[in-house]
Amino acid sequence: MGRLRTITRRTFLIGSAAIAGGVVFGTYLAKRPIKNPLLTDLQDGEAAITPYVKIDANGVTLITPRADKGQGAYSMQARLIAEELDIDPASAILSPGLPGPAYYNGAVMEESVPFPAYDQSTMAETVRKFMHVPAKLFSMQMTGGSSTVPDGFVKLRMAGAIARETLKEAATLKSGIARDQLKTEDGSVVLPDGSRLAYTDLASTAASIEPITDVELRPKSDWKFLGKPMPRIDMPAKCTGTEQYGIDLVFDGMVHAAVRANPGLGAKVKSYDASVAESMRGVQKVLPINNGVAVIADNTWRAWRAADAVDIQWAAGPYPGTTDEIFSEIEKVVDSDEHRDHRQRDEGDVEAVLEEGEYFEAVYKVPYLAHAPMEPMNAIVKVTDDRCEIWTGTQIPLFVRDHAADLSGLDKDRVFVYVQAMGGSFGHKLEDTHVLQAVEIALAMKGTAVKLVWSREEDMTHDYLRPGAIAKGRGRVADGKVDAFDLSVGQSALMADWFGRLMGMTIPGPDATITTGSWDQPFAIPNYRVTGYRAPTMVPISSWRSVGASGNGFFHDSLLDELIYEAGADPLAERIRLCLDDTSRKVLEKVGEISGWDGPSISENRGRGVAFCLSFGVPAAIVTEVTHNGAGIKIDKVFVVVDVGEVLDPINLEAQVFGGVIFGMAHAMNCETTFENHAAMQDNYHAFEGMRLYQVPEFEVVALSNAKKIRGIGEPGVPPAAPSLGNAIFAATGQRIRELPFNKHIDFL
Amino acid sequence: MQITVNDTSYTIDVEPEMPLLWVLREELGITGPKYGCGIAQCGACTVHVNGYAVRSCQLAIGDLGNSSVKTIEGLGTPDSLHIVQEAWIEHQVAQCGYCQSGQIMQAASLLSTNPDPSDDQIDAAMSGNLCRCGTYPRIRAVVKAAAKKLQGS
Amino acid sequence: MKMSFLRAAFAITSLFSVTVLSAGDKVEINPPLAGSVSKEQGLEAWSRIFEVASHPRCANCHTGPSDRPMWSGPSYGKTRVHGMNIQAGNSRIGAETILCSTCHTNKSEDWSNANVTKHAAPRVAMSWALAPATAHWFGRTTQQICEQLRNPETNGDRDTLEIAEHLNHDLILHWAWAPGGNREPAPYSLQEHVNDILAWGVAGTPCPQD
């Protein structure tokens with residue numbers, strides 16, 4: 001705890017302000033405090049203790065600024081604050097709050113440093129800390145990169161502790177009893193005689209004093225909520241249809257909008273004829289918007305039908321028209337010096353070793369993929385002369401605010417973004433095209449709330465996709481061991497595309513996502529090289545659950561599996577032998593233990609595959625067992641081991657792990673987004689099926705806690721899922737499938 | 001047009017081809033049933049019509065006739081949970097939760113006609129309900145647990 | 001448990017207020033005079049009947065002992081069993097697990113765009129169901145289907161006139177010629193198909209390998 005105290009004194013500056021009847025504190029990991037966004041809208045009798053705690057007569061509100069897309073972020077953030085604040089998180093009010101720079105995400109930026117996660121040297125750690133500065137400068141309030149827990153683990157508990165100690169100090173002023181004689185419990189300060197002062201009654205007093213900043217975080221042994229199975233706070237609402245998602249919100253006088261934007265992404269509308277649509281029941285207006293046409297009606301279904309009835313002439317999309325043409329552009333860059341983006345791993349002398357004689361060579365391919373969350377993109381926007389209000393589920397509330405300000409001509413502080421619960425995202429809600437469309441429509445309907453809901457078809461044909469990629473793998477084996485490993489990955493640069501789109505800036509230098517999940521793996525191969533080649537930006541691309549590692553996990557582990565097979569070694573034993581990181585090695589050993597690993601063959605038609613990927617700092621190993629019965633593959637059982645350093649909620653962790661693995665396997669089985677005439681061809685779930693219940697294997701999930709740092713678990717289950725399935729299919733059938741989705745080559749039962 | 005939803009009668013004035021889903025969500029403000037696909041591929045809109053699961057995006061309101069509709073809101077409420085919902089909470093099934101209304105309505109319909117379904121029957125009955133978060137392992141477990149609970153009740 | 005299935009099967013037929021006969025095309029049933037159709041003409045009629053029976057719009061739901069409908073034909077790509085693990089069961093309406101009518105809802109009104117939405121579950125003015133196991137067409141030869149159709153033990157105890165009547169009344173069958181949603185309709189027309197059935201009957205229900 002001594003170390004944490006030091007950090008507290010040195011880096012947490014506390015700003016406090018007395019508001020009528022309340023108090024506000026700030027905790028910030030920087031020299032200059034950032035404005036507490038809760039101060040803006042405080043009413044009489046309310047206090048905002050830190051940007052994460054607000055108290056009024058109704059109770060205590062915990063601010064959970066990381067978006068909940070279904071991963072349980074609200075419950076976890078509330079629990080981190082509540083652990084120190086001594087309040088039942090289920091009885092508190094949870095609110096994502098208004099977005100503000102105070103809620104910047106430092107941890108997510110740490111991922112972009114040029115050090116593999118297992119490198120925790122002073123140099124690597126120093127650079128990671130440094131990444132918090134641009135996160136703050138760019139107001140990076142975003143949710144993603146499995147960063148909610150790593151970013152909030154100290155920050156949120158500190159917020160709870162500061163609020164608690166300050167409330168105790170307020171109780172001291174009221175009662176005359178010294179602070180160290182006071183305890184806190186369940187939303188009250190408890191005096192030595194057992195009497196209680198509710199936090200809600202102490203807020204005004206707390207406002208008048210200097211906040212108590214010299215606080216210690218409780219040791220793990222004292223945790224009441226963390227580390228234990230805790231029911232998710234949103235569970236009853238989600239099981240009774242009472243959870244309110246963005247798509248469910250209604251306002252008086254609200255109108256419903258539909259859009260049809262050019263399926264040639266980014267291209268204009270040449271002309272349109274809305275005469276039929278305009279005469280349809282309920283239609284109020286048809287108007288042009290950026291790259292599309294919008295219909296305003298009194299009901300979403302009527303708006304969609306009318307939008308379908310608009311006859312639109314589209315300009316062609318500004319990229320090659322077909323998937324084959326797109327992939328041939330990608331193929332051109334692989335191993336082309338001119339297009340080399342980075343080579344962050346180059347050990348031994350791969351080139352020399354491969355020139356010595358015969359070597360193994362294979363080409364792998366992963367498709368473009370839509371996010372396709374169950375809740376389609378939607379937003380409600382109301383614009384008046386001096387205000388723009390936005391209700392939407394988003395992972396990037398500050399970008400939404402800034403872009404809406406630009407579009408509406410209003411100052412940023414006149415744009416209010418109310419973040420809604422989300423029916424999934426998987427990265428789709430890192431984009432805001434739909435919100436800006438709604439702003440455009442609302443500008444034409446000033447004073448009226450406009451609800452825009454994308455149809456499923458609009459959603460899946462206007463996504464920012466997981467980039468397709470091609471990898472060439474080469475390698476050599478010697479004496480039953482993998483001796484040389486050379487992977488060249490070519491794809492468009494998704495982070496550069498995203499930054500360019502959302503921040504209007506070009507990010508100089510390499511785009512690490514091209515090889516994230518392959519260059520940074522914890523193996524020691526004598527000759528080991530991973531190179532990223534940048535294809536031009538074609539169809540717009542973005543982050544998809546597990547980002548760069550989603551494709552690279554498949555490339556790296558598939559090639560490794562093939563080389564181990566060439567060497568005649570055991571797939572698990574050779575991975576363990578090659579592993580240079582203790583934490584990762586233990587994960588591999590554990591997955592061998594729980595799966596009863598005794599080689600890739602189980603019986604004549606049954607086989608198992610192991611795969612490993614270190615992503616977002618989490619080593620994850622999977623053993624997948626499959627049966628091939630002649631008609632197709634059945635996935636029988638999946639064993640997963642991860643190490644997140646500290647398990648804060650074993651129940652939710654298990655759900656995130658098997659959910660991530662299913663997400664990875666489902667898309668590997670049967671999903672791809674392809675293009676014809678510049679348009680995405682898969683416009684609904686019939687063509688983008690994923691996994692259905694009957695295809696779901698049994699799961700066994702184990703989380704180890706050997707790692708030194710705490711990590712998030714929303715994404716790390718995804719990258720090793722596809723290769724573990726591919727390796728298992730090979731073990732059961734002898735058929736090595738190097739192209740996703742697998743169902744292009746083999747059927748699934 | 002008169003329709004009955006969750007034992008309440010409503011008068012509506014809409015096109016006969018408007019899907020029940022959109023009548024529920026936007027004419028009546030009953031938002032438990034969700035829009036996911038509009039083509040019977042995801043099951044998020046599942047409600048009960050005369051006690052049986054129906055994809056409300058596929059049933060035109062003009063075809064409802066005198067049938068009664070029950071949505072997740074009519075199955076049970078946070079203060080008075082249906083046994084299936086109770087089991088769902090105990091098993092911590094939901095992640096984003098968007099498909100769960102439909103999953104629960106499908107499971108309740110299955111268990112009302114087949115109180116003791118086999119694993120294969122659960123996999124057959126519940127495979128029309130898509131979940132993108134991957135809550136499936138708990139769905140399989142919770143339907144069995146709910147069946148046991150219902151038999152004990 | 002068996003009772004529950006029966007209850008379900010019964011309930012589903014009364015699920016909606018059914019005004020069956022207002023929907024679908026009317027068919028004229030005018031069998032040719034006895035002796036007016038030669039065996040050759042009968043076989044020609046049969047070959048057209050076979051084109052219809054083996055067409056995906058018909059064969060996909062005539063899968064015999066399998067209780068799994070198929071997805072095949074120009075609008076489906078690679079031939080596969082119906083997605084979502086659908087099993088019609090002995091009830092043929094999915095009563096054991098999930099009713100066909102969960103998605104293939106009954107439409108009781110006759111508006112022209114009932115099946116206009118691409119990839120949605122087709123709807124007709126009766127309960128969607130898989131054909132009886134005896135009526136096994138999917139993947140079978142012309143001779144096999146022919147023998148099944150002319151045998152009262154495997155065709156629902158019908159003569160060809162009754163088969164024609166059945167075609168007239170079973171509105172799922174009408175759907176095959178107006179499937180909507182960019183699906184390819186069955187060849188010829190319902191009326192031509194009925195005429196062929198009648199002609200084939202008058203010719204003595206000849207099969208190609210007789």
Side-chain angles (χ1 to χ4, degrees), chain A residues 68-72 229 231-232 234-245 247-248 250 256 281 299-302 304 372-376 421-426 453 455-457 651-652 655-656 658-663 666 684-686 689-699, chain B residues 14-15 18-19 21-23 25-27 29-39 41-42 44 71-73 75-78 81-82 84-86 88-90 92-101 104 120 122-140:
Chain A
D68 204 318
K69 307 158 293 186
Q71 81 283 38
R232 266 173 64 160
D234 51 359
M235 196 59 69
K238 286 179 173 175
C239 297
T240 51
T242 52
E243 175 81 345
Q244 193 168 54
Y245 301 88
I247 201 171
D248 299 328
V250 176
H256 298 260
R281 179 170 171 184
N299 169 301
T300 296
W301 179 76
R302 290 189 185 120
W304 285 350
M374 291 293 298
E375 180 192 16
M422 285 175 240
S425 172
F426 316 115
V453 179
S455 67
R456 174 56 52 197
E457 289 78 11
I651 300 291
N652 196 45
Q656 289 306 302
F658 66 62
V661 173
I662 288 171
F663 194 79
N684 208 322
Y685 294 122
H686 68 282
E689 270 195 285
M691 209 186 278
R692 300 280 183 169
L693 182 66
Y694 73 102
Q695 298 168 310
V696 174
E698 260 186 84
F699 273 90
Chain B
V14 298
E15 304 85 324
M18 184 181 286
L21 172 65
W22 292 104
V23 174
R25 288 185 57 82
E26 296 197 344
E27 299 295 318
I30 297 171
T31 56
K34 301 299 186 206
Y35 167 79
C37 70
I39 57 167
Q41 281 286 332
C42 79
T71 71
I72 182 93
E73 290 93 337
L75 188 72
T77 63
L81 296 166
H82 185 274
V84 173
Q85 293 170 313
E86 214 175 85
W88 232 264
I89 293 169
E90 282 165 13
Q92 294 285 298
V93 177
Q95 290 186 28
C96 88
Y98 196 79
C99 73
Q100 300 292 331
S101 296
I104 289 168
D120 283 349
I122 293 170
D123 279 1
M126 300 295 298
S127 285
N129 290 81
L130 190 68
C131 172
R132 296 277 299 158
C133 298
T135 64
Y136 295 123
R138 288 190 186 162
I139 288 176
R140 197 181 272 149

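These values consider heavy atoms only, across backbone and side chains, with no hydrogens, waters or symmetry-generated copies. Reminder, nothing fancy here: chain letters follow the sequence lines and each chain counts from 1.
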Practice task
For B:Gln95 and A:Lys238, run side chain to side chain contact (heavy atoms under 4.5 Å, CB included): C-alpha distance rounded to whole Å, both residues' side-chain angles, the deciding distance at 0.1 Å, then the answer.
Solution key: CA-CA 8 Å; B:Gln95 290 186 28; A:Lys238 286 179 173 175; over 6 Å; no
Practice task
Determine, step by step, whether A:Gln244 and B:Thr31 satisfy the side chain to side chain contact (heavy atoms under 4.5 Å, CB included) criterion, reporting the C-alpha distance in whole Å, the side-chain angles of both residues, the deciding distance to 0.1 Å, and the verdict.
Solution key: CA-CA 8 Å; A:Gln244 193 168 54; B:Thr31 56; 5.9 Å; no
Exercise for the section: Kindly indicate, with the supporting measurements, whether the criterion side chain to side chain contact (heavy atoms under 4.5 Å, CB included) is fulfilled by B:Tyr136 and A:Gln695. Expected result: CA-CA 10 Å; B:Tyr136 295 123; A:Gln695 298 168 310; over 6 Å; no
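In terms of non-hydrogen atom pairs under 4.5 Å with chain B, the most contact-rich of A:Ala237, A:Ala372, A:Gly72 is A:Ala372. Taking chain B as the reference chain and counting heavy-atom pairs below 4.5 Å, the highest number among A:Pro373, A:Pro376, A:Gly690 is found for A:Pro376. For the options A:Ala421, A:Ala666, A:Gly423, A:Gly424, heavy-atom pairs under 4.5 Å to chain B are most numerous at A:Gly423. For the options A:Arg281, A:His686, A:Gln71, heavy-atom pairs under 4.5 Å to chain B are most numerous at A:Arg281. Most heavy-atom pairs under 4.5 Å with chain A: of the set B:His82, B:Gln100, B:Met126, B:Glu90, this distinction falls to B:Met126. Residue with the most contacts toward chain B among A:Glu689, A:Glu698, A:Glu243, A:His256: A:His256 (heavy-atom pairs, distance under 4.5 Å). The candidate with the highest count of non-hydrogen atom pairs below 4.5 Å against chain A, out of B:Met18, B:Glu86, B:Gln85, B:Glu73, is B:Met18. Contact count against chain A (heavy-atom pairs under 4.5 Å) is highest for B:Arg132 among B:Gln41, B:Arg132, B:Arg140. Between chain A and the options B:Pro19, B:Cys99, B:Gly32, B:Ser101, heavy-atom pairs under 4.5 Å are most frequent for B:Pro19.
B:Ile104 places a side-chain heavy atom less than 4.5 Å from the side chain of A:Cys239. With a 4.5 Å cut-off on side-chain heavy atoms, B:Glu27 and A:Asn299 count as touching. Looking at heavy atoms from C-beta onward, A:Ile662 lies in side-chain contact with B:Pro137 at the 4.5 angstrom threshold. Contact check for A:Thr240 versus B:Thr77: no side-chain heavy atoms found under the 4.5 Å cut-off. Using a 4.5 Å heavy-atom cutoff, the side chains of B:Cys133 and A:Phe663 are not in contact. In this structure, B:Gln92 and A:Pro231 have side chains that are in contact, with non-hydrogen atoms separated by less than 4.5 Å. In this structure, the side chains of B:Glu26 and A:Trp301 stay at 4.5 Å or more apart for every pair of heavy atoms.
Heavy-atom distances place no part of B:Asp120 under 4.5 Å from chain A, backbone and side chain included. For a residue to count as touching a neighbouring chain, one of its non-hydrogen atoms must lie under 4.5 Å from one of that chain's; by this rule A:Pro697 touches chain B with the backbone only. Residue A:Ser455 touches chain B through both its backbone and its side chain, counting heavy-atom pairs closer than 4.5 Å. For a residue to count as touching a neighbouring chain, one of its non-hydrogen atoms must lie under 4.5 Å from one of that chain's; by this rule A:Glu375 touches chain B with backbone and side chain alike. Neither the backbone nor the side chain of B:Ile30 has a heavy atom closer than 4.5 Å to any heavy atom of chain A. When heavy atoms are compared at a cutoff of 4.5 Å, A:Thr300 approaches chain B by way of both its backbone and its side chain. Looking at A:Met422, the atoms closer than 4.5 Å to chain B (heavy atoms on both sides) all sit in the backbone: N, CA, C or O. Within the 4.5 angstrom heavy-atom criterion, no atom of B:Val84 approaches chain A. Neither the backbone nor the side chain of A:Val250 comes within contact range of chain B; no heavy atom of the residue lies under 4.5 Å from a heavy atom of that chain. Proximity to chain A (any heavy atom under 4.5 Å) is shown, for B:Ser127, by both the backbone and the side chain.
Between A:Met691 atom CE and B:Leu130 atom CG the span is 11.5 Å, to the nearest 0.5 Å.
With sequence neighbours left out, the side-chain hydrogen bond (donor to acceptor under 3.5 Å, both in side chains) criterion links A:Asn684 to A:Glu457. Partners of A:Arg302 by side-chain hydrogen bond (donor to acceptor under 3.5 Å, both in side chains), not counting sequence neighbours, listed by chain and number: A:Asp298, B:Glu15.
Under the 3.5 Å distance criterion, the side-chain polar atoms of A:Arg456 are left unmatched by any main-chain donor or acceptor of B:Ile39. The backbone N or O of B:Cys96 sits nowhere less than 3.5 Å from a side-chain atom of A:Lys69 that would complete a donor-acceptor pair. The closest donor-acceptor contact from the side chain of B:Tyr98 to the backbone of A:Gly70 lies at 3.5 Å or more, if one exists at all.
Using a 4.0 Å cut-off between charged nitrogen and carboxylate oxygen, A:Asp248 and B:Arg25 count as a salt-bridge pair.
Pairing each heavy atom of B:Cys42 with each of A:Tyr685, the nearest pair is CB-CD1, 4.1 Å.
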